[in-house]
Amino acid sequence: MAMSKMKTKKEATQRHYSLWDNYRTAFSWVRQMDGAVYFTLLAGGLVLGVLCPFLGMALPGAVVYLLESGWRAEQIFLALAGYVIFLQGLQTARSYLENRCWDRRFLFRIKMGPQLFEAGMDADYQDFESREGQKKLLAAKRNIYSGNARGIEAFLKAFQNFWVHFLGLLLYSVIIGRQNAGILLLLVGLTGVSAAVRIVSRRKAIPWDEEYEKTWDECKYLGREVLAGANGKDIRLYHMWKWFSEEFEKLQTRLIGWGGRWWWCCNGRVEIVEKSIALVRDLLIYGYLIWQMLQGSMELSLFLVDIGITAGFGEWMLPMLDAVTEILENSRYMDGYRDFLEFAGKSHGGRKPVENPGVSHEIRLEHVSFRYEGSEEDVIHDLSLTIAAGEKIALVGMNGAGKSTLVKLICGLYRPCEGRILLDGRDIAELSLEEYRREFSVVFQDVFAFSFSLSDNVSCRGAQFTDKERLTQSLKKAQLWERVQSMEKKEGTYLNKDIDAAGVSLSGGELQKLMLARALYKDGPVVILDEPTAALDPLAESSLYEKYHEMTGGKTSIFISHRLSSTRFCSRILYLEGGRILEEGSHEELLARQGAYAAMYHTQAQYYN
């Protein structure tokens, strides 16, 4: 247990990666998904992104040079017309390439969705369900679902902007450096000061960014809950809107306060420093260039070019610093995404295949204990149990006895903290979890339907891969066939209204029958029904359990309930309390003992007589 706690503590922190590592990883993903297309567009955009502003800046100097060279007016006009047409063509090509790059980045980000979904499904369920797992998932989702201005798309765009402006600065530095190394050193030095101020300010703002994200998540949660149709009844009947409104105002006040602090840290004082540096730069360099021209050491055409380069140096510098800031900021989103991929990739299953798949199995638990993360007490404690192949057992007990947790342990969704679980004598920790879970048809107590067709919900695959006869038989056995036939599109009817406005919403009892039909369609050799009739009245529950008894013939079956309709059909009943088997035996044997099971049964008997 000590090792388990240490591991949890270690995983509680998010891993951080170097900027270079995130850069290399992001572009390798682009290459895998988009081939060389994006990089070809990017290279063209970089070249034109540097060339177009330079040619535009050099135009006044070129005009003066032509005048000083004695060109005739018509010659100058034709030369300038050709120059402008050529420049406009380059700018059009630049705009086209930049838009194409934007499209490719956007599509790349959308394509990353399946990668995240796959990683989430590959993650160990116990880790994925934990508070830390959900926190890591949220950080990963921000990398691709925060829009164009945040996450990996903004990360890639910022690097494009950085390289364009860095290359522009480099070109201007070469030109100005060949003429006057002192001016170049002054420009580079002042640029370095501006960069340092901006980076330091941005790093100080990171905790405020995290505060903003947390507060904004709370705002989105409140907005989602107050407008959820299922919550409307309680909000109106219990006059909860005033409470929600007060909470919204508190969050808005925090966001406004954050905005003011962020502006001063990242913009206000940075702008003051940068404007002061720009003022000093312009006074020194412009003054020097004017003095040089007045002394006759510089021609007018060269003076105009140097003035343009000096002014352009600042125009290249500030966007480059902005790009650096965006790179550093969005690298955090990359950290969260990559941290989740690594977290989800930790495999806890073995590789050995399941022997004799598709037939009834013996399940044995040996001194199994389990506790949830952060809890100091076991939910399941030192439990040993053998379920013979083809045997039907009932797990009963009050709410909180550990029944559902035990089911998740048997299904391989949770790992025992102590002890082991065996399938036909083999430790399931050594088996392939994918193959192991194929052996189970399970109906959990938390039932819901996906907003797809009813057929898809039962077969869990597309209509083209669904066995129609098998689907029909499953719906009939689950007592849902008549309800389906009353629907306009039969089994093709969409459930809920998220995708199809004409979708049908099933009642709680109908949803449980739908889940039963899904389990019947899968036809696993081990059947587990976890509170499958919680939404039914006692008489309907008793009738349905008789159907269950018929449908599970020859299968290893586990019925879980805190109501006792299922117990008479089972060869053995286990009464759980506090994560332990308190009583065990047949229905008649446990009644004769006059213990906890008998007391519970007699309390409920009036509903079944």
Side-chain angles (χ1 to χ4, degrees), residues 125 354-365 385-397 403-414 421-424 428 431 433-447 457-460 467 470-480 509 511-536 540-574 576 586-587:
Y125 179 78
V354 172
E355 294 182 351
N356 301 317
V359 300
S360 296
H361 300 285
E362 178 195 78
I363 300 172
R364 187 163 76 248
L365 287 75
L385 168 67
T386 298
I387 305 172
E391 183 181 13
K392 288 184 176 62
I393 72 165
L395 294 176
V396 300
K403 303 184 297 296
S404 295
T405 301
L406 183 57
V407 167
K408 292 175 181 176
L409 285 164
I410 292 174
C411 291
L413 297 173
Y414 289 169
I421 302 173
L422 301 98
L423 183 77
D424 298 330
I428 68 171
L431 303 178
L433 280 175
E434 183 177 357
E435 290 194 20
Y436 178 73
R437 290 169 181 162
R438 286 177 185 163
E439 303 301 294
F440 290 84
S441 290
V442 186
V443 178
F444 290 105
Q445 58 180 309
D446 301 323
V447 296
N457 272 276
V458 173
S459 67
C460 297
D467 186 325
R470 191 171 174 181
L471 173 68
T472 299
Q473 292 304 315
S474 299
L475 291 170
K476 287 181 176 179
K477 290 179 181 179
Q479 300 182 343
L480 197 58
L511 280 175
Q512 289 184 316
K513 292 178 180 180
L514 181 72
M515 296 302 100
L516 175 60
R518 177 186 293 176
L520 292 169
Y521 186 94
K522 185 179 181 182
D523 195 28
V526 180
V527 177
I528 300 179
L529 304 175
D530 183 5
E531 304 276 10
T533 58
L536 302 179
E541 177 188 46
S542 181
S543 173
L544 193 57
Y545 267 122
E546 292 182 12
K547 294 290 183 182
Y548 291 159
H549 179 61
E550 297 173 6
M551 291 182 288
T552 55
K555 298 179 182 290
T556 304
S557 307
I558 304 173
F559 297 127
I560 298 97
S561 181
H562 68 278
R563 300 196 295 193
L564 306 184
S565 303
S566 61
T567 58
R568 293 188 177 185
F569 309 113
C570 298
S571 56
R572 191 155 49 113
I573 301 168
L574 308 176
L576 267 66
S586 66
H587 176 70

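Everything numeric here is computed off the predicted structure, so don't read it as measured data.
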Per the side chain to side chain contact (heavy atoms under 4.5 Å, CB included) rule, which among E439, R438, E435 passes with P357?
E439
With side chains defined as the heavy atoms from C-beta onward, is the minimum distance between V396 and L576 less than 4.5 Å?
no
Salt bridge check: are D424 and R364 linked by an N-O gap of less than 4.0 Å?
no
Got L480 and L514 here, is their nearest side-chain heavy-atom distance under 4.5 Å?
yes
For a side-chain contact (heavy atoms from CB on, under 4.5 Å) check, start with the C-alpha distance between I558 and I560, then their side-chain angles and the critical distance, and finish with the verdict.
CA-CA 6 Å; I558 304 173; I560 298 97; 3.8 Å; yes
Spacing of CD belonging to E391 relative to NE2 belonging to H361, to within rounding of 0.5 Å:
15.5 Å
What closest approach, in Å, do P525 and K555 show between heavy atoms, and which atom pair accounts for it?
O-CB, 3.5 Å
Here the pair of heavy atoms bringing A517 nearest to S474 is O-CB, 3.6 Å
Are C411 and R437 side-chain neighbours, meaning at least one heavy-atom pair lies under 4.5 Å?
no
The ring pair (Phe, Tyr, Trp, His ring centres under 6.0 Å) partners of Y436 (sequence neighbours excluded) come to F440
To the nearest 0.5 Å, atom CD of Q512 lies from atom CG of L529 at 10.5 Å
Looking at CG of L423 and CD1 of I410, how far apart are the two atoms once the value is rounded to the nearest 0.5 Å?
11.0 Å
Do any N or O atoms from the side chain of Y521 and from the backbone of L475 form a donor-acceptor pair under 3.5 angstrom?
no
Point-to-point distance, once rounded to the nearest 0.5 Å, from CE of M515 to CG of D530:
13.5 Å
What heavy-atom pair brings S441 and G524 nearest, and what distance separates the two atoms?
OG-N, 2.7 Å
Rounded distance [0.5 Å steps], CG in L365 versus CG in L406:
6.0 Å
Has the side chain of R518 got a donor or acceptor atom that lies under 3.5 Å from a matching backbone atom of N457?
yes
Check for a donor-acceptor pair, side chain of S557 on one end and backbone N or O of K392 on the other, with a separation under 3.5 Å.
no
Which of I393, I387, I528 passes side chain to side chain contact (heavy atoms under 4.5 Å, CB included) with T556? It is I387
Without swapping roles, check the side chain of S586 against the backbone of R572 for a donor-acceptor pair under 3.5 Å.
no
Flag, side chain of K403 to backbone of G397, donor-acceptor distance under 3.5 Å:
yes
For S360 and A389, indicate whether the former's side chain and the latter's backbone hold a donor-acceptor pair under 3.5 Å.
no
Do the side chains of C570 and F559 get nearer than 4.5 Å, heavy atoms only?
yes
L520 vs R470 side-chain heavy atoms within contact, under 4.5 Å:
no
